[in-house]
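Below: the structure, in structure tokens.
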2 protein chains.
Amino acid sequence: MPSRDARLTRERIVEVAASLADDQGLDAVTLSAVAARLCVRTPSLYHHVQGLAGLKGALRVHGLELLSEALRDAASGRAERDALEAVAHAYLTFARKHPGLYAVTLAVAGERDDERAHASADRILATTFDVLRGYGLDGDDAVHAARFVRSALHGFAALESAGGFELPADRAATVDRMLEAIDRGVRTYVRHEAPPVRAARR
Amino acid sequence: MPSRDARLTRERIVEVAASLADDQGLDAVTLSAVAARLCVRTPSLYHHVQGLAGLKGALRVHGLELLSEALRDAASGRAERDALEAVAHAYLTFARKHPGLYAVTLAVAGERDDERAHASADRILATTFDVLRGYGLDGDDAVHAARFVRSALHGFAALESAGGFELPADRAATVDRMLEAIDRGVRTYVRHEAPPVRAARR
DNA sequence: TGGCGCTGTCTAAGGCGATTAGGCTATACC
DNA sequence: GGTATAGCCTAATCGCCTTAGACAGCGCCA
């Protein structure tokens with residue numbers, strides 16, 4: 001839906017790029033395609049965005065801001081399993097509604113890491129730690145637990161998005177039971193003074 | 001390391017593409033680059049591979065075969081937590097040693113899904129189910145558990161590869177404790193006749 | 001033994017996307 | 001009213017993918 005009258009803006013460019021990414025995949029985000037949707041010639045974008053890399057970077061920032069806000073909102077006012085479930089559902093919902101934006105969020109942070117991106121990433125981490133604090137976790141325990149939770153959520157989102165999970169089992173049930181398992185798992189992280197002594201295996 | 005004398009072969013092409021993917025990332029896998037490494041002109045590749053898409057597909061098959069074999073070897077002769085840990089370590093080791101191959105493994109399966117790819121994917125699933133059977137899981141319970149395990153492993157591998165986990169906490173410890181949590185979590189999947197009755201929350 | 005065809009490489013050429021250089025217009029400001 | 005500047009444009013280059021078609025070496029068959 002190209003609109004030709006409104007002036008070209010960095011915000012409009014990012015917006016178009018985001019919808020393109022979500023509708024047709026991150027690889028469909030091309031300067032040509034974005035320019036076409038804005039009824040503009042490709043080189044015109046260079047006055048607002050630093051090439052394709054710059055656009056992807058802006059997209060990453062945008063995605064991280066949306067995601068971090070969604071997670072913070074989900075966590076606010078809840079605790080423990082309640083908070084865990086709310087955050088997890090918010091996370092998965094975001095990944096489903098914005099597959100392109102979500103994908104670009106994890107793409108390698110370019111050299112010149114935007115500080116806004118860093119701030120959002122920190123906010124996501126902070127929200128995670130808030131939730132884990134409800135479980136009585138802090139310090140290294142919280143870091144390990146956060147990695148575990150994030151791994152499970154990202155893994156699920158990525159596999160689902162990639163078309164894994166072909167077997168005819170209810171995906172919502174998978175999520176419910178995974179959250180049950182994560183909830184229990186996280187509880188085992190509390191006060192784990194020293195890592196369990198297991199002989200280095202391999 | 002270009003070698004000019006040996007004849008061009010589909011195998012050699014895939015081999016070069018694989019090392020390129022692992023060394024410089026999946027995006028570095030370009031017909032030009034592969035051809036250059038083989039001291040050959042780009043169009044010559046078309047007699048062995050169906051364009052870039054075909055090469056990526058072949059790469060995917062290759063990766064899936066390596067991964068499925070590694071997992072099967074790791075699982076053989078072990079059971080329960082022992083098997084879980086061996087398979088998990090094999091999975092993460094593969095992802096670390098072959099980041100490009102691992103990444104292409106999850107890329108969207110092209111239209112014409114190669115049956116060799118399907119066979120390998122089935123073998124991975126079978127290995128996973130073998131491990132879970134040691135926990136007394138089958139049917140939907142096993143499917144849900146398999147998705148959980150795979151999500152956690154893939155998520156960890158992907159986040160690690162993307163440069164997440166910046167905090168200075170030992171990653172090996174993260175894996176150990178995650179496996180502990182997964183082990184406990186998986187045990188809760190046994191004989192889960194009906195999903196836990198939880199009011200639809202959101 | 002000599003020709004024929006197949007296989008596999010090459011050159012030539014077209015297309016698309018990114019990027020840079022530089023021109024042109026309209027608006028805003030003096 | 002004149003000028004500077006912002007912002008869009010055209011023109012042109014480069015790299016990569018892809019297709020078409022020329023050409024050479026090899027084996028096979030008569």
Side-chain angles (χ1 to χ4, degrees), chain A residues 1-61 100 103-104 107-108 110-112 114, chain B residues 1-61 100 103-104 107-108 110-112 114:
Chain A
M1 297 304 154
S3 57
R4 48 178 183 64
D5 32 328
R7 252 186 65 202
L8 201 53
T9 295
R10 184 182 172 89
E11 283 70 36
R12 290 185 65 216
I13 293 175
V14 170
E15 187 186 339
V16 164
S19 76
L20 205 48
D22 288 339
D23 293 348
Q24 305 182 34
L26 197 51
D27 289 339
V29 175
T30 170
L31 291 184
S32 298
V34 171
R37 282 211 180 183
L38 289 164
C39 292
V40 149
R41 301 294 176 169
T42 305
S44 302
L45 300 179
Y46 281 77
H47 278 272
H48 306 273
V49 161
Q50 215 166 342
L52 184 61
L55 177 56
K56 292 272 181 76
L59 222 44
R60 178 161 175 271
V61 169
V104 82
V108 210
E111 324 268 320
R112 192 179 57 78
D114 195 312
Chain B
M1 297 296 161
S3 57
R4 47 179 184 64
D5 32 329
R7 252 186 66 199
L8 202 52
T9 294
R10 185 182 172 88
E11 284 69 37
R12 290 186 64 215
I13 293 174
V14 171
E15 186 186 339
V16 164
S19 76
L20 206 47
D22 288 339
D23 292 348
Q24 305 182 33
L26 196 50
D27 289 340
V29 176
T30 171
L31 291 185
S32 298
V34 171
R37 281 211 179 184
L38 289 164
C39 292
V40 150
R41 300 292 175 173
T42 305
S44 303
L45 300 179
Y46 280 77
H47 278 271
H48 306 274
V49 160
Q50 215 164 343
L52 184 61
L55 177 56
K56 292 273 181 78
L59 221 43
R60 178 162 174 269
V61 170
V104 83
V108 210
E111 323 268 320
R112 191 179 59 78
D114 194 312

Could you run through nucleotides 5-10 of chain D and give me one letter per nucleotide, 5' to 3': B if any protein heavy atom sits under 4.0 Å from the base, S if only the sugar-phosphate is that close, - if neither? --BBBB
Closest non-hydrogen atoms of Ala35(B) and Arg41(B), given as atom of the first, atom of the second and distance, are CB-C, 3.9 Å
side-chain contact (heavy atoms from CB on, under 4.5 Å) with Ala53(B): which residues, sequence neighbours excluded? none
Heavy-atom closest contact (Lys56(B) atom, Val29(B) atom, distance): CE-O, 4.1 Å
Can you list the residues that meet the side-chain contact (heavy atoms from CB on, under 4.5 Å) rule with Ala28(B), with sequence neighbours excluded? Gln24(B)
Ala103(B): side-chain contact (heavy atoms from CB on, under 4.5 Å) partners, not counting sequence neighbours: Leu26(B)
Examine dT19(D): is either OP1 or OP2 under 4.0 Å from a nitrogen or oxygen in the side chain of Tyr46(B)? Give yes or no. no
Got more than 12 heavy atoms from elsewhere within 6.0 Å of CG, Asp23(A)? yes
Leu52(A) has an atom CG; how far is it from atom P of dC16(D), in whole Å? 15 Å
Between CG of Leu8(B) and CG of Leu45(B), what distance do you get to the nearest 0.5 Å? 6.0 Å
Quick one: does Thr9(A)'s side chain get under 4.5 Å of His48(A)'s, heavy atoms only? no
If every non-hydrogen atom of Gly100(A) is compared with every non-hydrogen atom of Asp22(A), which pair is closest and at what distance? N-OD1, 2.8 Å
Quick check on contacts: within residues 13-32 of chain B, what sits under 4.0 Å from DNA chain C by heavy-atom distance? none
Minimal heavy-atom distance between Gly54(B) and Val49(B), with the atoms involved, is C-CG1, 3.8 Å
One would report the end-axis bend of the helix from dT1(C)-dA30(D) to dC30(C)-dG1(D), five pairs per end and rounded to 10 degrees, as 10°
Could you work out, with side chain to side chain donor-acceptor pair (under 3.5 Å) as the rule, every residue matching Ser19(B), not counting sequence neighbours? Arg37(B)
Holding to side-chain contact (heavy atoms from CB on, under 4.5 Å), I want the full list of residues that pass it with Ala18(A), two or more places apart in sequence or in another chain. Leu59(A), His62(A), Leu101(A)
What distance separates Leu38(B) CG from Arg7(B) CZ, expressed to the nearest 0.5 Å? 13.5 Å
Between which nucleotides of DNA chain C, 5' to 3', does chain A make heavy-atom contacts below 4.0 Å? dG17(C) to dT20(C)
